[in-house]
2 protein chains.
Amino acid sequence: MATPLEKARMAPDSMKARILKAARRLFGQYGFHGTTTRMIAKDVEIDISTLYYHWGEKGDLYEAVIRDIYEDLKLKLSEVEKVIHGRPLSERMEISIDMMTDYLFDNPEISNLILFRYFTKTRHPTGHDIHVPELISDVARSMNLSEDKSRISTSARMQVLAIMNTIHNFISGEGFFRPMLGLEKKEYVVRVRETLKFILVPAFAGKAALRARSPAG
Amino acid sequence: MATPLEKARMAPDSMKARILKAARRLFGQYGFHGTTTRMIAKDVEIDISTLYYHWGEKGDLYEAVIRDIYEDLKLKLSEVEKVIHGRPLSERMEISIDMMTDYLFDNPEISNLILFRYFTKTRHPTGHDIHVPELISDVARSMNLSEDKSRISTSARMQVLAIMNTIHNFISGEGFFRPMLGLEKKEYVVRVRETLKFILVPAFAGKAALRARSPAG
DNA sequence: ATTCTTCTCCATCATTTGATGGAAACGAGC
DNA sequence: GCTCGTTTCCATCAAATGATGGAGAAGAAT
């Protein structure tokens, strides 16, 4: 028994999937209220009522988009995890940063939509995500931030949030930051990776990791 | 010759100022498209046309809000700069983090609006900020990230962006993160400060600062 | 050929939303 | 008390927006 979302993910050329894809991009750029169902329909070159036929009300489509990006993100993270498994921490971090920035620069709407969710109230009530806490804990485990694998500490979870958001910021902010810095796309990507490593790695590399558990040191 | 915004900042009980204040809060919560002029008017308990009388069209009010928050932010930053002047870098960073988180938790719409600007397209065209590059350079100078005070390097500016965004993230994301982490407000604030210091300080403390200029080390 | 299902579009609604004109209230100066 | 500039509200518009009903196309099953 496949959910509507699962169907759309399976047949990528279906109308359902095409609508979802356009919605993903547009919701990512303009946010929930900034995107109209007509904008999405126009992008897919269909009538607005075809959109409603497939996805029902706007809020439902939006929720489907959110689930969709988290599915993709989970897949990518487990792919990353396989690659970094067993390596020393600083190496794990650098590889993760490279792989994730590559992926997110190719799919910037993922970063956009995640940050949107964190920061915006949506006049329409939205179901709270189960995805995020799960994802965060997975990353924390994969980074070895917690000795107890089943109970991830608050500090560890907040550190993961900080790391992931720092990455998302540079992806989502490209349209603003890149012109401001006067960089070409390629140069920007390189600089982002550099900056992320410069900021994020030292905190966890070497002895720093030990200090994590003795706050206010 | 005072601009409308300056007037509103000077007489904080004036209708103009009351509208601006409400607009600031609501635009911060719901974004540009998520906030209606009627919501703002209702919040101030005035008729919608009174709002238009004072501020003209919605976009103009929004721009005024943006200028307003950057004015406040600049004032705060120069206040911080006075306090940290002359101290060693890691101390400067810790004090800055404490002061800025205090301030931004009291005025979360500042973080919200800044992040909004970075990440969202606004169907209506908006003039690009002059405030941001200036602010970034000021902070970079105050952190001593650049030897040449008049020409701040791209690396330095990106590092400052990363730092400031990481702070904004935790402020703006409180509504999402705090319930997720199961923390009380006070506890959350403490944890945020801890996490920020844990992540941000090591990169710049000690010899790390030197490595900044030899990338891909 | 017919039926049935699935899909798509046209026409249309009710609401919401940005915006304005004009009348009333208010207050300062005379 | 009257005048004049300023401020506020009521009534109203036009456009945008979320959403739906129903008619028709397209294709498969019988």
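Below, chain A is the first sequence line, B the second, and so on; all start at residue 1.
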Q. Are B:F204 and A:F198 close enough that their ring centres sit under 6.0 Å apart?
A. yes
Q) For A:R38 and C:dC10, what is the distance between atoms CZ and P respectively, to the nearest whole Å? A) 13 Å
Q. Relative to the ring of A:F32, is the ring of A:F27 parallel (under 30°), tilted (30 to 60°) or perpendicular (over 60°)?
A. parallel
Q | Value in whole Å for how far the P atom of C:dT17 lies from CD of B:E57 | A | 18 Å
Side-chain donor-acceptor pairs of residues 75-84 of chain A under 3.5 Å, sequence neighbours excluded:
residue	atom	partner	partner atom	Å
A:K76	NZ	A:E79	OE2	3.1
A:S78	OG	A:L75	O	3.0

Q.
Please report the distance, rounded to the nearest Å, between CG in B:D47 and C1' in C:dA24.
A. 13 Å
Q. How many angstroms lie between atom OG1 of A:T50 and atom NE2 of A:H54, to the nearest 0.5 angstrom?
A. 6.5 Å
Q) Whole-Å distance between C:dC9 C1' and A:I19 CD1? A) 13 Å
(Q) For chain A and DNA chain D, what are the first and last nucleotides along the strand, 5' to 3', with at least one atom under 4.0 angstrom from a heavy atom of the protein chain? (A) D:dT17 to D:dG21
Q. For C:dT8, does either OP1 or OP2 sit under 4.0 Å from a side-chain N or O belonging to A:S49?
A. no
Q | Whole-Å gap separating P (C:dA19) and CH2 (B:W55) | A | 15 Å
Q: Tell me whether the OP1 or OP2 atom of C:dT6 has a side-chain N or O from A:H54 closer than 4.0 Å.
A: no
**Q.** B:S137/B:R157 under side-chain hydrogen bond (donor to acceptor under 3.5 Å, both in side chains): CA gap, chis, key distance, verdict
**A.** CA-CA 7 Å; B:S137 298; B:R157 281 185 287 163; 5.3 Å; no
Q | Rounded distance (Å) that lies between atom P of C:dT8 and atom CD1 of A:I46 | A | 7 Å
Q | Length of the OH-P vector between B:Y52 and C:dG22, whole Å | A | 19 Å
Q.
Could you work out, with ring pair (Phe, Tyr, Trp, His ring centres under 6.0 Å) as the rule, every residue matching A:Y70, not counting sequence neighbours?
A. A:H131
Q.
Between P on C:dA14 and CD1 on A:I48, what's the gap in Å once rounded to a whole number?
A. 17 Å
